[in-house]
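As structure tokens, the structure follows; a few thoughts come after it.
To find a chain, count down the sequence lines: A is the first, B the second, and so on, and within it residues start at 1. Quick note: numbers below take in every heavy atom, side chains included, and nothing from hydrogens, waters or symmetry partners.
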Amino acid sequence: MTLTRGLPIQNDSDAEVVARVLEGDSRAYAILVSRYRAQYGRYAVRMLGSREDAEEALQDAFVRAYRSLAKCDDPERFGPWFFRILANRCRTAGTRRSRREKTFVSDDIALHGASEEHPAERTAWREELERALQRLDTDQREAFLLKHVEDLGYDEMATLTGVGVSALKMRVKRACERLRLLLHEVQGG
Amino acid sequence: MRCKVAEQLRDPFIEQIAAELRRPVRLDPRFDDRVMAALEAPDVIPLHPDRQTRRPWIARPWTIRVSPIAAMAVAAAFVGAVAIGAWQLRPIDQVQMASQPAEPGVLIPVATTDGEPIVVQQFTFHRKGVKSIALVGEFNDWDETATPMTEVSEGVWEVSLPLRAGTYEFQYLVDGRRETDPTLPERPSDFGSPNSVITVSPRVR
């Protein structure tokens with residue numbers, strides 16, 4: 001199925017695409033998938049630590065968003081609305097995973113792109129970073145990613161997560177401390 | 001959604017980490033096609049509590065959407081049941097189901113889609129003197145508005161959901177406050193209060 005061919009991805013606003021979907025043009029939803037897949041896929045991969053888990057959560061979030069599209073009060077801000085659904089899915093998936101034995105599997109896809117002057121060292125650093133990130137508590141990892149990778153403000157994070165600003169600041173602080181500790185241990189050891 | 005101003009001075013070490021994590025990731029090239037295909041797949045059937053009446057749930061009409069294959073499977077099961085003299089089955093509206101006495105957690109298989117059974121899971125919560133109770137959990141993405149419960153008699157709140165077999169974490173939202181079900185096991189959550197855990201299985205009592 002070719003989904004985006006001929007669809008004016010760049011020209012239609014989110015609100016226009018949402019309106020088309022709600023009017024019955026379900027194929028137009030592919031525009032939104034294409035538009036937000038990369039940005040939020042990155043968050044899911046970082047949050048869950050594997051491409052497979054991330055794709056599953058991302059797909060689930062897109063399906064849920066599609067089925068709830070009529071509830072999107074501000075279609076022009078489909079992205080943030082979708083992100084909230086995705087964050088919930090990642091949280092649920094992360095909680096389930098945390099109960100299983102944690103076995104970190106290096107994700108060569110998520111870590112692709114090693115290059116520069118010292119590719120071996122660079123790749124090793126990325127693997128250690130991914131490993132350290134997955135060793136954070138779920139709520140700390142979520143707060144760190146939202147703050148430092150997605151560049152959200154604390155108010156936006158509070159809206160997204162339903163957690164108070166003070167608690168979020170504490171989670172970010174603790175995440176930073178733990179990452180520093182874990183990565184310094186690696187570098188020092 | 002982007003932060004306009006850095007809200008705190010950034011540590012160079014943390015910034016180095018963040019820069020690394022901002023690198024793009026590569027997803028399956030067929031991801032978009034998979035999503036669009038998934039949109040057409042059957043999933044949880046939306047059932048809403050009857051807000052117009054206070055009749056017991058078992059007396060209310062239910063509208064259940066099933067795929068043609070599932071409908072044929074249900075019809076075949078029904079014919080088979082009749083053929084072997086299962087005259088005890090009682091009809092409910094258009095879909096034949098094995099109805100059971102009203103009790104918390106009763107499970108009613110209603111359809112089979114892509115090999116996974118869907119069962120109707122009834123949730124009952126007893127609380128007098130409250131204005132609203134809703135169900136929030138993994139099955140509705142913890143959406144506080146998605147699954148309101150209905151007070152079917154004084155202090156008895158109910159809602160039924162069609163769910164795939166599996167284990168679900170959930171809470172009751174009682175006048176805006178999260179509570180667990182005292183009759184079910186709990187699991188700690190990463191977000192403070194524990195969750196109740198219910199196991200939905202396609203068994204018939």
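A distance of 11.5 Å separates CZ in A/Arg42 from CG in B/Leu27, rounded to the nearest 0.5 Å. To the nearest 0.5 Å, the span separating CG on B/Asp32 from CD1 on A/Ile31 amounts to 11.5 Å. A/His184 NE2 to B/Phe13 CZ: the interatomic distance, rounded to the nearest 0.5 Å, is 4.0 Å. Atom CZ in A/Arg46 sits 11.0 Å away from atom CZ in B/Arg22 (nearest 0.5 Å).
More than 12 heavy atoms of other residues, nucleotides or ligands shown are found within 6.0 angstrom of CZ on B/Arg178.
With sequence neighbours excluded, the residues that form a salt bridge (charged side-chain N to carboxylate O under 4.0 Å, His left out) with B/Glu179 are B/Arg127. Every residue meeting the salt bridge (charged side-chain N to carboxylate O under 4.0 Å, His left out) condition with A/Asp14, not counting sequence neighbours, appears here in chain and number order: A/Arg35.
Closest of all the heavy-atom pairs between B/Ala38 and A/Val63 is CB-CG2, 3.7 Å. Summarising the geometry of A/Lys71 relative to B/Asp143, their closest heavy-atom pair is NZ-OD2, 4.5 Å, with the distance given to 0.1 Å. Scanning both residues, B/Glu138 and A/Arg64, for their nearest heavy atoms gives O-NH2, 3.8 Å.
Contact annotation for A/Thr159: neither backbone nor side-chain heavy atoms come within less than 4.5 Å of a heavy atom of chain B. For A/Arg37, the parts lying near chain B are the backbone and the side chain together; criterion is any non-hydrogen pair under 4.5 Å. With a 4.5 angstrom heavy-atom cutoff, A/Phe144 touches chain B only via side-chain atoms. Proximity to chain B is limited to the side chain of A/Leu133, based on heavy atoms less than 4.5 angstrom apart.
Using a 4.5 Å cut-off on side-chain heavy atoms (C-beta onward), A/Trp125 and B/Glu20 make contact. The side-chain heavy atoms of A/Tyr43 and B/Leu21, taken from C-beta on, include no pair separated by under 4.5 Å. Within the 4.5 Å cutoff, side-chain heavy atoms of B/Ile14 are placed close to those of A/His148.
Side chain of A/Glu55 to main chain of B/Asp28: a donor-acceptor pair is present (N/O by atom type, distance under 3.5 Å, no hydrogens or angles).
Most heavy-atom pairs under 4.5 Å with chain B, from the set A/Thr161, A/Val33, A/Leu145, A/Leu179: that is A/Val33.
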